[in-house]
Amino acid sequence: MAKKIGIILGSTRPGRISPAIADWVAAGIAKHPELSVEMLDLKQINLPFFDEPTIPSVAAGVSKAAVAWREKVLSLDAFIILTAEYNAGYTAPLKNALDYLKTEWANRPIFIVSYGFGGGASAAHQLSEVLTRIGTVQIEPNIAILIGDKLNANGGIDDPHTSLAIHNDELDIALNAIEAWTPPEEK
Ligand SMILES: Cc1cc2nc3c(=O)[nH]c(=O)nc-3n(C[C@H](O)[C@H](O)[C@H](O)COP(=O)(O)O)c2cc1C
């Protein structure tokens, strides 16, 4: 059965480059007939700062936003997280989105695509620690995009399919791993 991949866009500011990177990832997924894609744009999903009365490891959130986010995550098989590096860490909207859930992340394949002037290495490292703690299955090695030579004068990426093509093979390897992955109970 085709696996459904959610691309989580971790940045939400106007003018962000995550949609361009997400388009490139989606094009890579489109080359795999056994995979389908859904964009999980945290700007559009617009989760409030976590404000649930019960911690997610004990009980699922009850707000409309928490219920919708949980259902969305449970409806998908694997995730590709796009994270910018902000002040040597990953983004706040991304941490917030992760914190809304706990057991729902366990045993889910997740692949990190980080980006920044040093490839977002610190962001990816911190994110990886969190993903380990919440029990995800990390697909490795990550992709780390050096953005310094890819940004236009406005800080955008004009043609992600060309400028990110250098990472096509890495993306393909990760997508093959996601395709081949089977949940523990199906092994
Ligand atoms: C608040 C903030 C902090 C940043 N800190 C870093 C940093 O520590 N390292 C880095 O390589 N780039 C840093 N940058 C530059 C970002 O990598 C660059 O702006 C990138 O486009 C951000 O992703 P986005 O466009 O999806 O928001 C920072 C950008 C912002 C907005």
Side-chain angles (χ1 to χ4, degrees), residues 4-30 35 37-51 65 68-69 72-73 76 78-101 105 108-134 136 138-172 174-175 178:
K4 292 181 259 179
I5 301 184
I7 301 178
I8 300 178
L9 282 69
S11 64
T12 56
R13 69 183 182 89
R16 67 210 163 122
I17 61 172
S18 50
I21 296 173
D23 280 353
W24 166 72
V25 173
I29 294 172
L35 300 174
V37 65
E38 183 164 342
M39 294 289 180
L40 304 181
D41 183 350
L42 296 183
K43 186 177 180 67
Q44 284 170 14
I45 292 169
N46 200 20
L47 288 164
F49 271 131
F50 182 75
D51 59 354
W69 177 232
K72 179 55 69 187
V73 166
L76 296 162
F79 301 87
I80 296 179
I81 295 184
L82 311 187
T83 185
E85 181 162 303
Y86 284 0
N87 293 322
Y90 61 98
T91 63
L94 185 52
K95 183 68 162 72
N96 191 46
L98 291 169
D99 288 346
Y100 261 89
L101 304 173
W105 296 119
R108 316 297 293 283
I110 298 195
F111 180 60
I112 298 173
V113 176
S114 64
Y115 56 95
F117 292 96
S122 299
H125 178 73
Q126 292 175 16
L127 179 57
S128 179
E129 283 189 350
V130 171
L131 295 180
T132 299
R133 178 69 68 88
I134 60 179
T136 68
Q138 286 180 67
I139 307 294
E140 291 176 311
N142 305 334
I143 290 179
I145 299 172
L146 295 165
I147 59 172
D149 60 351
K150 298 177 181 65
L151 300 181
N152 61 27
N154 300 319
I157 294 182
D158 290 325
D159 178 7
H161 304 285
T162 302
S163 63
L164 299 178
I166 187 173
H167 296 291
N168 282 353
D169 289 349
E170 293 166 82
L171 180 60
D172 231 25
L175 294 173
I178 290 173

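The residues of the chain are indexed from 1 along the displayed sequence. Atoms within a ligand are numbered from 1 in the order they appear, just like the ligands themselves.
- The CD1 atom of Ile5 lies 4.5 Å from the CG atom of Leu35; values are rounded to the nearest 0.5 Å.
- Heavy atoms of other residues, nucleotides or ligands lying less than 6.0 angstrom from CD1 of Ile166 number 12 at most.
- Shortest contact from atom 6 (C) of ligand 1 to any protein heavy atom: Glu85 O, 3.0 Å.
- Protein heavy atom closest to atom 8 (O) of ligand 1, with residue, atom name and distance, is Ala88 N, 2.9 Å.
- Within 6.0 Å of atom CG in Asp169, 12 or fewer heavy atoms from other residues, nucleotides or ligands are found, so the atom counts as exposed in its surroundings.
- The contact set between ligand 1 and Ala84, taken as ligand atoms under 4.0 Å from a residue heavy atom, comprises 22 (C), 23 (O).
- Protein heavy atom at the shortest distance from atom 31 (C) of ligand 1 is Tyr86 CE1, 3.8 Å.
- Taking a cut-off of under 4.0 Å to the non-hydrogen atoms of Ile147, the atoms of ligand 1 that pass are 17 (O), 18 (C), 20 (C).
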Apply side chain to side chain contact (heavy atoms under 4.5 Å, CB included) to residues Asp158 and Ser163 and explain how you reach the verdict. CA-CA 8 Å; Asp158 290 325; Ser163 63; over 6 Å; no
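- The nearest heavy-atom contact from the protein to atom 11 (O) of ligand 1 is Phe117 N, 2.8 Å.
- Shortest contact from atom 19 (O) of ligand 1 to any protein heavy atom: Arg13 NH2, 4.0 Å.
- Partners of Arg133 under the side-chain contact (heavy atoms from CB on, under 4.5 Å) rule, at least two apart in sequence or in another chain, do not exist in this structure.
- The shortest heavy-atom distance from Gly155 to ligand 1 is not under 4.0 Å.
- Side-chain atoms of Thr132 and Gln138 include a donor-acceptor pair closer than 3.5 Å.
- Atoms of ligand 1 found under 4.0 Å from any heavy atom of Gly116 (numbered from 1 in listed order, with element): 11 (O), 17 (O).
- If you check each of Ile145, Asn87, Leu151, Thr91 against atom 4 (C) of ligand 1, the one with the closest non-hydrogen atom is Asn87.
- Each of the atoms 24 (P), 26 (O), 27 (O) of ligand 1 lies under 4.0 Å from some heavy atom of Ser11.
- In this structure, Glu38 and Lys72 have side chains that are in contact, with non-hydrogen atoms separated by less than 4.5 Å.
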For residues 87-98, which side-chain donor-acceptor pairs fall under 3.5 Å, sequence neighbours excluded?
unit_1, atom_1, unit_2, atom_2, d
Thr91, OG1, Gly10, O, 2.6
Lys95, NZ, Asp99, OD1, 2.9
Lys95, NZ, Asp99, OD2, 3.0
Asn96, OD1, Phe50, N, 2.9
Asn96, ND2, Pro48, O, 2.9

